[in-house]
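Only this structure's heavy atoms are used, side chains among them; waters, hydrogens and symmetry mates stay out. Every number for a ligand or one of its atoms is a count from 1 in the order of the listing. On a predicted model such as this, the values are computed, not experimentally measured, just so you know. All residue numbers refer to positions in the sequence shown, counting from 1.
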Amino acid sequence: MGCTAQDITTALRAGAAVVAEHRDELIQLDREIGDADHGENMDRGFRAVIAKLDTAGPETPAATLKLAATVLISTVGGASGPLYGTAFLRAATAVGDDTELDGRAVAAALQAGMEGVVARGRAEVGDKTMIDALSPAVEAARSVAESGADGAKVLAAAAEAAHQGAQDTEGLVARKGRASYLGERSAGHVDPGARSTALLLTAFAEAAGARS
Ligand SMILES: Nc1ncnc2c1ncn2[C@@H]1O[C@H](COP(=O)(O)OP(=O)(O)OP(=O)(O)O)[C@@H](O)[C@H]1O
Ligand SMILES: [Mg+2]
């Protein structure tokens, strides 16, 4: 059984819950190398996504992802709003009119999302951004999907790789975004956007795993 619009809705609710739970941690990470608003931005955005899902539950995976994209772009603000929004928008385009996503479709959506973030923000691996969580996540997702795994297993592999990638941003010097203004002083801190990416993927994986 593949991932339906209902499953994506459940995953987005789990994402909103994890962002709310880690709001202060994300604020603290952003305080260290940014402007202390990442937790607030993400919490505001995901609350708005849930509010919208409560009033209008879309019927297809693409429409659900597109709803998330639109709401995130208009409510998160900062650098991360348009980046996450673009990721969800590209993921929506990648799933097309598929009504049940298998593991390969989930991996392809994740990859398209990452490509959207790169197209928009021009960050490369090692720049200390959300790309350092997304890139290993996409690689892990693709390799697990190739072996025929379902969406839940693909997301679990992606989440694990994203956590490692986020943790590894601690040693990096930021070359993109606000943290890059700190130069060498940005090293020694985990990137907030990489951390939120890892948290979201874990929430999505747990939601998908609980269902199957
Ligand atoms: N060019 C980029 N490409 C990918 N990710 C980026 C880029 N710039 C910033 N980020 C991510 O965004 C996160 C910061 O998001 P946040 O919500 O705090 O926005 P912000 O930087 O405070 O925005 P602004 O500076 O516009 O107020 C960083 O931790 C990083 O992961
Ligand atoms: Mg910030």
Side-chain angles (χ1 to χ4, degrees), residues 12 15-50 68-91 94 109-139 141 158-159 161-204:
L12 287 168
V18 85
V19 164
E21 196 184 320
H22 290 265
R23 180 179 181 276
D24 292 348
E25 178 200 337
L26 294 171
I27 287 174
Q28 183 52 35
L29 288 176
D30 197 26
R31 193 188 310 283
E32 289 164 17
I33 58 168
D35 55 355
D37 64 355
H38 189 58
E40 209 173 303
N41 291 344
M42 294 294 285
D43 189 35
R44 181 174 59 248
F46 273 87
R47 272 179 206 280
V49 169
I50 297 317
T70 313
V71 175
L72 292 175
I73 289 170
S74 62
T75 58
V76 176
S80 58
L83 293 168
Y84 273 118
T86 304
F88 279 98
L89 206 53
R90 292 286 186 99
L110 209 53
Q111 175 162 4
M114 181 189 76
E115 287 168 359
V117 175
V118 171
R120 178 127 204 163
R122 306 268 161 219
E124 291 173 9
V125 169
D127 284 350
K128 196 179 179 102
T129 70
M130 59 177 75
I131 291 299
D132 291 307
L134 271 173
S135 175
V138 166
E139 230 166 90
H163 273 288
Q164 188 60 52
Q167 195 51 51
D168 291 347
T169 62
E170 187 167 355
L172 299 172
V173 171
R175 287 193 294 251
K176 280 282 184 297
R178 209 175 260 282
S180 66
Y181 308 158
L182 291 178
E184 299 286 328
R185 277 182 295 139
S186 62
H189 307 274
V190 168
D191 177 67
R195 175 71 176 145
S196 61
T197 293
L199 289 170
L200 283 171
L201 286 172
T202 302
F204 296 166

Novice: Distance under 4.0 Å to a non-hydrogen atom of Ala123: what atoms of ligand 1 satisfy this?
Specialist: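 Result: 3 (N), 4 (C).
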Novice: Regarding atom 17 (O) of ligand 1: of the candidates Gly78, Pro82, Ser80, which has the closest heavy atom?
Specialist: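 Answer by nearest heavy atom: Ser80.
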Novice: Need the ligand 1 atom indices (1-based, order shown) with element for anything under 4.0 Å from a heavy-atom of Leu83.
Specialist: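 Selected atoms, number and element: 2 (C), 3 (N), 4 (C), 5 (N), 6 (C), 7 (C), 10 (N).
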Novice: Evaluate the side-chain proximity of Arg31 to Ile27: yes if any heavy-atom separation is below 4.5 Å, no if none is.
Specialist: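 Heavy-atom side-chain distance check passes, below 4.5 Å.
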Novice: Applying salt bridge (charged side-chain N to carboxylate O under 4.0 Å, His left out), which residue pairs with at least one partner in residues 76-89 are found, sequence neighbours left out?
Specialist: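 The answer is none; no pair qualifies.
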Novice: Can a non-hydrogen atom of Arg178 be found less than 4.0 Å from any atom of ligand 1?
Specialist: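 Distance cut 4.0 Å: Arg178 passes for ligand 1.
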Novice: Given Glu40, Glu124, Met130, identify the one with the heavy atom nearest to atom 11 (C) of ligand 1.
Specialist: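 Minimum heavy-atom distance to atom 11 (C) of ligand 1 goes to Met130.
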Novice: How does Asp35 reach ligand 1, by side chain, by backbone, by both or by neither, if only non-hydrogen atoms under 4.0 Å count?
Specialist: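 Only the side chain of Asp35 comes within reach of ligand 1.
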Novice: Spell out, as yes or no, whether a donor-acceptor pair under 3.5 Å connects the side chain of Thr75 to the backbone of Val71.
Specialist: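 Yes, because the side chain of Thr75 sits within donor-acceptor range (under 3.5 Å) of the backbone of Val71.
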Novice: Run down the list Leu134, Thr129, Val118 and name the one with the heavy atom closest to atom 4 (C) of ligand 1.
Specialist: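 The option holding the nearest heavy atom is Thr129.
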Novice: Determine whether Val76 and Arg44 make a side-chain contact, defined as any pair of heavy atoms from C-beta on separated by less than 4.5 Å.
Specialist: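 Counting from C-beta outward, Val76 and Arg44 never come under 4.5 Å.
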Novice: In the protein, what heavy atom is nearest to atom 1 (N) of ligand 1, and what distance, to one decimal place, separates them?
Specialist: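 Residue, atom and distance for the closest contact: Gly121 O, 2.9 Å.
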Novice: Any N/O of Arg122 closer than 3.5 Å to an N/O of ligand 1?
Specialist: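 No; every N/O pair is 3.5 Å or more apart.
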Novice: Can you name the atoms of ligand 1, numbered from 1 with element, that are less than 4.0 Å from a heavy atom of Asp30?
Specialist: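 That gives atoms 18 (O) of ligand 1.
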Novice: Only heavy atoms count here, so choose which of Asp191, Val117, Thr197 is nearest to atom 29 (O) of ligand 1.
Specialist: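 Looking at heavy atoms only, the winner is Asp191.
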Novice: Just wondering, are more than 12 heavy atoms of other shown residues or ligands nearer than 6.0 Å to CZ in Arg23?
Specialist: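 Yes - once you tally the heavy atoms of other residues, nucleotides and ligands closer than 6.0 Å, there are more than 12.
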Novice: Taking distance alone, with no angle check, do Gly77 and ligand 1 share an N/O pair under 3.5 Å?
Specialist: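 N/O-N/O distance under 3.5 Å: no.
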Novice: Would you mind reporting whether Thr202 and Val18 have side-chain heavy atoms less than 4.5 Å apart?
Specialist: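 No, every pair of side-chain atoms sits at 4.5 Å or beyond.
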Novice: Within the supplied structure, the quantity of interest is the number of heavy atoms (other residues, nucleotides, ligands) at a distance under 6.0 Å from Glu170 CD; does it exceed 12?
Specialist: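 Correct, the count exceeds 12.
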Novice: Determine whether His22 and Arg195 make a side-chain contact, defined as any pair of heavy atoms from C-beta on separated by less than 4.5 Å.
Specialist: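 Side chain of His22 against side chain of Arg195, heavy atoms only: contact under 4.5 Å found.
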Novice: With a 4.0 Å cut-off on heavy atoms, is Gly34 in contact with ligand 1?
Specialist: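 Outside the 4.0 Å threshold, so no.
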Novice: Measure the shortest side-chain to side-chain distance between Ile33 and Asp191 over non-hydrogen atoms and say whether it is less than 4.5 angstrom.
Specialist: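 Heavy-atom side-chain distance check passes, below 4.5 Å.
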Novice: Within the structure provided, determine whether Leu26 and Leu199 are in side-chain contact (heavy-atom separation under 4.5 Å).
Specialist: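 Answer yes - side chains close enough.
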Novice: Answer yes or no: is there a side-chain heavy-atom contact under 4.5 Å between Pro136 and Gln164?
Specialist: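 No. Closest side-chain heavy atoms not under 4.5 Å.
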Novice: Closer than 2.8 Å to the Mg ion (ligand 2), how many protein N/O/S atoms do you count?
Specialist: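 N, O or S atoms of the protein closer than 2.8 Å: 3.
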Novice: Asp30 side chain to His38 main-chain N or O, any donor-acceptor pair under 3.5 Å?
Specialist: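 Judged by distance alone, yes, a pair lies under 3.5 Å.
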